[in-house]
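Worth knowing before you read on, the calculation uses all heavy atoms, side chains too, and leaves out hydrogens, waters and symmetry mates. Keep in mind that what you see is a predicted model, and the values were worked out from it rather than measured.
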Amino acid sequence: MDKEIKTIRGVRDLLPEELEKWQFAEEKAVSLFKSFGFEEIRIPIIEEAALFQRSVGTYTDIVQKEMYIFSDKKGRVIALRPEATAGVVRAYIEHRMFDVKKIHKFYYSGPMFRYDRPQKGRYRQFYQMGVEIFGGENGFYDGEVILLLDKFISSIGFKDYIIEINSIGCNKCKPIYTEKLSNYLSENLSSFCNDCKIRAQNNVLRVMDCKNQTCQQILKDGPNINDFLCQDCKQHKEQTYQYLKIFSIPYKENPYLVRGLDYYTKTVFEVKISGEENSVAGGGRYDNLVDQLGGPCIPAVGFAIGMDRICEILKNPEKKDRIIWVVFLDEKSFAEGIPIIDKLRKKNIKIIIDYDKRSLKNYLKIVNKQKIEEVFILGENELSQKSFLYKNMKNGTQQLIHFNDITTFFGENL
RNA sequence: GUGGCUAUGGUGUAAUGGCAGCACGAGAGACUGUGGCUCUCUUAGAGCGGGUUCAAAUCCCGUUAGCCACCCCA
């Protein structure tokens, strides 16, 4: 035998049993998104690498360390998408959608790629579902995407979770605050942990959510983002919170919440399931990104859900599909039974035929093992009466059903 | 990217350098038109590569993968 080939590091197969909850969650999300007027958009998995450098940020970890990047045969520098927002914005601009109407609402779903060190809930190919709203400046839109996220999380059965929210300012006030914080850091640099010393140079804001107790203590006396928000940002923040109250969404303001992508402005938020280490969803507003990627100045807000993390916590839903196992005992029964059985498929009943010429006993054994509850048996005896023998494996009862009555039988029993 | 832990049939596990065993699962069968219980048989295993040794699942080195903490993020 030749050497077996296995999945490469950090990626995995999702097998049928596991996928039941994935499908459950995905269906919930899609119907919810649609009910709010969001439309699906599908964007490529590969893009010009520059797209992510210009949006996510050249100095973020995602772009610097975690991006799958390669040259194609013509020497173009291509990246596997590490997230979807950049691509959606690119598409939005490329198709001049802003010329069609003011507000656009999109949802997407698919795999993303980051060259991270794998761990539970952290994969190199992972799946995100998310939404983006373009053209809405008002805090209402921030509120609406958070409402949507909240509805999704609760609709799949989670009760114990927190939505954390913060404002990190805009073009005008974010740099002022960043500089203040930077100064404060250099004054006290020796007291901070080694990681923070590095952050102070590359990504100052990230110091804020350091887990080190000492760092947090020092930060308490440092500049607070809330004191530096400009008038516009303050107002937007109040507006957003107002809508959250109207939608009655419980949230927790966390002044230390910052996010690792450069494009965020004003509102940022995350969802944490209690007892879980990783956050399962995150998002925020990005009012400058469309402009930055070559489009007009159009504000936007959105979020992404980490489906792998959601499904890791989720239990498989109860199976409720009706499955009928059909047993044919001879050739003649098979020939006559197949067209009738096919009528049932048209009625959305799942039909499994295993025509392996076994004994009835063995058929039933198989059916029992697979925990299938209903069986049709067709052999000489039944055929002479133009009927199927219907057997319920759960209570052992059985009855003859005439060929002509078969669809009505299921009409009554559905 | 840094540090640590782990690795035996499909799954869960046992064997303290000396014959790789058990349970579950899976397949076939024990009245060829009636399953679940029981019984019989079958199936299949040391991640990979080196080293030490008469002898390695066991000790050593490397590697790969998973997990944990960090980092980062979904």
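You'll find a donor-acceptor pair under 3.5 Å spanning the side chain of A/R122 and the base of B/C71, going by distance alone. The base of B/U64 does not come close enough to the side chain of A/R9 for any donor and acceptor atom to sit less than 3.5 Å apart.
Judged as a ring pair (Phe, Tyr, Trp, His ring centres under 6.0 Å), and not counting sequence neighbours, A/Y161 has no contacts. With sequence neighbours left out, A/F24 forms a ring pair (Phe, Tyr, Trp, His ring centres under 6.0 Å) with no residue at all. Residues that satisfy the salt bridge (Lys or Arg N to Asp or Glu O under 4.0 Å) test with A/D72, not counting sequence neighbours, are A/R76. Residues passing the side-chain hydrogen bond (donor to acceptor under 3.5 Å, both in side chains) test with A/N288: none are found, sequence neighbours excluded.
Residues from residues 42-51 of chain A that place a heavy atom under 4.0 Å from any atom of RNA chain B: there are none.
Taking only side-chain nitrogens and oxygens, A/R358 comes nearer than 4.0 Å to OP1 or OP2 of B/A28.
Separation of the C1' atoms belonging to B/C54 and B/U13 is 31 Å when rounded to the nearest angstrom. Taking the C1' atom of each, B/U11 and B/G50 are spaced 31 Å apart, rounded to whole Å.
By the 6.0 Å contact criterion, OH on A/Y59 is open, its count of non-hydrogen atoms from other residues, nucleotides or ligands being 12 or less.
Side chain of A/S55 to main chain of A/A86: no donor-acceptor pair is present (N/O by atom type, distance under 3.5 Å, no hydrogens or angles).
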Whether each nucleotide of nucleotides 31-38 of chain B has a protein heavy atom under 4.0 Å at its base (B), only at its sugar-phosphate (S) or at neither (-) is summarised, 5' to 3', as B-BBBB--
